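Labels below follow one simple rule: chain letters A, B, ... track the order of the sequence lines, proteins then strands, and each chain is numbered from 1. Just so you know, these numbers come straight off a predicted model, no measurement behind them.
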2 protein chains.
Amino acid sequence: MTNSTRFAVAIHILATIAECRPAPVTSDRIAASVNTNPAVVRRILSQLGSAGLTTAQMGKGGGAQLARRPKKITLLDIYLAVEEPGLISLHRSLPDQNCPIGRNIQAAINTSTKEAEKAFLTTLGATTLKKLLKELHANQSP
Amino acid sequence: MTNSTRFAVAIHILATIAECRPAPVTSDRIAASVNTNPAVVRRILSQLGSAGLTTAQMGKGGGAQLARRPKKITLLDIYLAVEEPGLISLHRSLPDQNCPIGRNIQAAINTSTKEAEKAFLTTLGATTLKKLLKELHANQSP
DNA sequence: AATAGTGTTACTTATTCAGTAACATATGCT
DNA sequence: AGCATATGTTACTGAATAAGTAACACTATT
């Protein structure tokens, strides 16, 4: 499990790019909206690019664009692009391997929580960026 | 979202207590199996006690016991006892409130991911400690 | 009284992630 | 060609959080 804010920032980045379509958006402009450093945005954009969600144009007049329509991008796509897998962190140090419980507990935890993780991911996969953009406009404060 | 190992350790603690029933188990013995400091175990036991999952006997011959049968303890009970709520971390600094996206993105993220979080918790609630103990014995390495 | 436990606090250490600066590289414009 | 403006990436710093640790007041049993 990870404690990063990358998923939230990645969504913010993609929402910004989507709203500016079809013009490419620079990391500087995105960073201003996110309220962070442009390099942080570029780092995440790099991950989104590797995952095939965005494209980038270098040089003057360049910036980031969506690689496909918001309808075709799910929150699961975004999540997997920027977060480490595994919602649940196991022990920091290995349990006592001489103890029957210590030797087997981690496997049992993995097995027993697998379904819950799967449910989380599956549900994320059922929501698209398009839907989120709609949400963004729906309850918009003036 | 949290990155702690407390959920895994809490499960380990409860599994150990369950296996030793009906005798109370000391934090020292549990700590040996978990491979950590007894105070860490007591800290988590304190949370499990507040949640009504365990009881404790102070003094000589004391230790921790389950407050109810493993069949009546779900992984959700354990999770809620020791973890902060919220699977998804939002931005570290508040987005630009002068930007329409920045102003509304966090609410949109919360709304859009609520279902996935719910699915995770609901599924955790469907698995009991008893089931996990069974798993622990099933695939037990010798 | 002595012993063996919990409960809790305060502090230290480890880890992880975001913030930052710097720079090589790519592109478009004049 | 040369300049301006982008990305991509690296290496480092700083902040936040959680686990590890020591200490000790308190409680129960013998």
Side-chain angles (χ1 to χ4, degrees), chain A residues 1-10 12-13 16-17 20 23-32 34-51 53-65 67 82-95, chain B residues 1-10 12-13 17 20 23-32 34-51 53-65 67 82-86 88-95:
Chain A
M1 170 182 204
T2 172
N3 194 23
S4 86
T5 64
R6 286 194 300 273
F7 183 45
V9 174
H12 191 152
I13 290 172
T16 304
I17 299 174
C20 295
V25 192
T26 67
S27 61
D28 272 59
R29 280 190 55 200
I30 300 172
V34 173
N35 189 18
T36 186
N37 192 293
V40 172
V41 173
R42 290 202 292 272
R43 191 150 53 197
I44 293 175
L45 268 172
S46 173
Q47 296 182 282
L48 295 172
S50 297
L53 303 182
T54 58
T55 60
Q57 281 297 316
M58 291 184 105
K60 195 170 180 181
Q65 288 170 300
V82 300
E83 295 283 4
E84 296 296 323
L87 277 182
I88 287 156
S89 300
L90 296 180
H91 309 57
R92 198 133 104 175
S93 334
L94 199 64
Chain B
M1 171 182 204
T2 173
N3 194 23
S4 85
T5 64
R6 286 194 299 273
F7 183 45
V9 175
H12 192 152
I13 290 171
I17 299 174
C20 295
V25 191
T26 68
S27 60
D28 272 58
R29 278 190 55 200
I30 300 173
V34 173
N35 188 19
T36 186
N37 192 293
V40 172
V41 172
R42 290 201 292 273
R43 192 149 52 196
I44 293 175
L45 268 172
S46 172
Q47 297 182 281
L48 295 172
S50 297
L53 302 182
T54 57
T55 59
Q57 282 298 314
M58 292 184 104
K60 193 171 180 180
Q65 288 169 300
V82 300
E83 293 283 2
E84 297 296 324
I88 287 157
S89 300
L90 296 180
H91 309 57
R92 198 133 104 174
S93 332
L94 198 64

Give the rounded distance in Å between these two atoms: [atom1] of [X] and [atom2] of [N].
X	N	atom1	atom2	result
A:I44	D:dT7	CD1	C1'	15 Å
A:I30	C:dA18	CD1	C1'	17 Å
A:E84	C:dA18	CD	P	11 Å
B:K60	C:dG7	NZ	C1'	20 Å
B:R42	D:dC26	CZ	P	16 Å
A:I17	D:dT7	CD1	P	10 Å
B:D28	D:dA22	CG	C1'	14 Å
A:H91	D:dA18	NE2	P	17 Å

Check whether any side-chain N or O of [X] sits under 4.0 Å from OP1 or OP2 of [N], and answer yes or no.
X	N	answer
B:S46	C:dT6	no
A:S89	C:dT16	no
A:S4	C:dC17	no
A:R43	C:dA18	no
B:T5	D:dA19	yes

With distance as the sole test, does B:S46 use its side chain to make a donor-acceptor pair with the main-chain N or O of B:R42 at under 3.5 Å?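 The answer is no, because no donor-acceptor pair under 3.5 Å joins these two groups.
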
Does A:G49 offer a backbone N or O that forms a donor-acceptor pair with the side chain of A:T54 under 3.5 Å?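 Present.
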
For the side chain of [X], starting at C-beta, report the closest nucleotide among [options].
X	options	value
A:N37	D:dG14, D:dA18, C:dT20	C:dT20
B:T26	C:dG5, C:dG19, C:dA4	C:dG5
A:A39	D:dT9, D:dA19, C:dC17	D:dT9

The residue, A:S93 or B:M58, whose nearest nucleotide of DNA chain D is more 5′ is A:S93

Do A:T5 and B:R92 pair up side chain to side chain, a donor and an acceptor below 3.5 Å, judged on atom types alone? no

Could you tell me whether A:G49 contacts a base, only the sugar-phosphate backbone, or nothing, with contacts defined as non-hydrogen atoms closer than 4.0 Å?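 Touches nothing.
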
Regarding A:A56, tell me which of base, sugar-phosphate or nothing describes its non-hydrogen contacts under 4.0 Å with the strands shown.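 Counting heavy atoms under 4.0 Å across all strands, the contact made by A:A56 is with sugar-phosphate only.
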
What are the two closest non-hydrogen atoms of B:E83 and B:R6, and how far apart are they?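 Reported closest heavy-atom pair: OE2-N, 4.0 Å.
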
A side-chain contact here means heavy atoms from C-beta on lying under 4.5 Å apart; do A:L45 and A:I17 qualify?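 Result yes, sub-4.5 Å side-chain heavy-atom pair found.
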
Identify, between A:T36 and B:L45, the residue whose nearest nucleotide on DNA chain C lies closer to the 5' end. B:L45

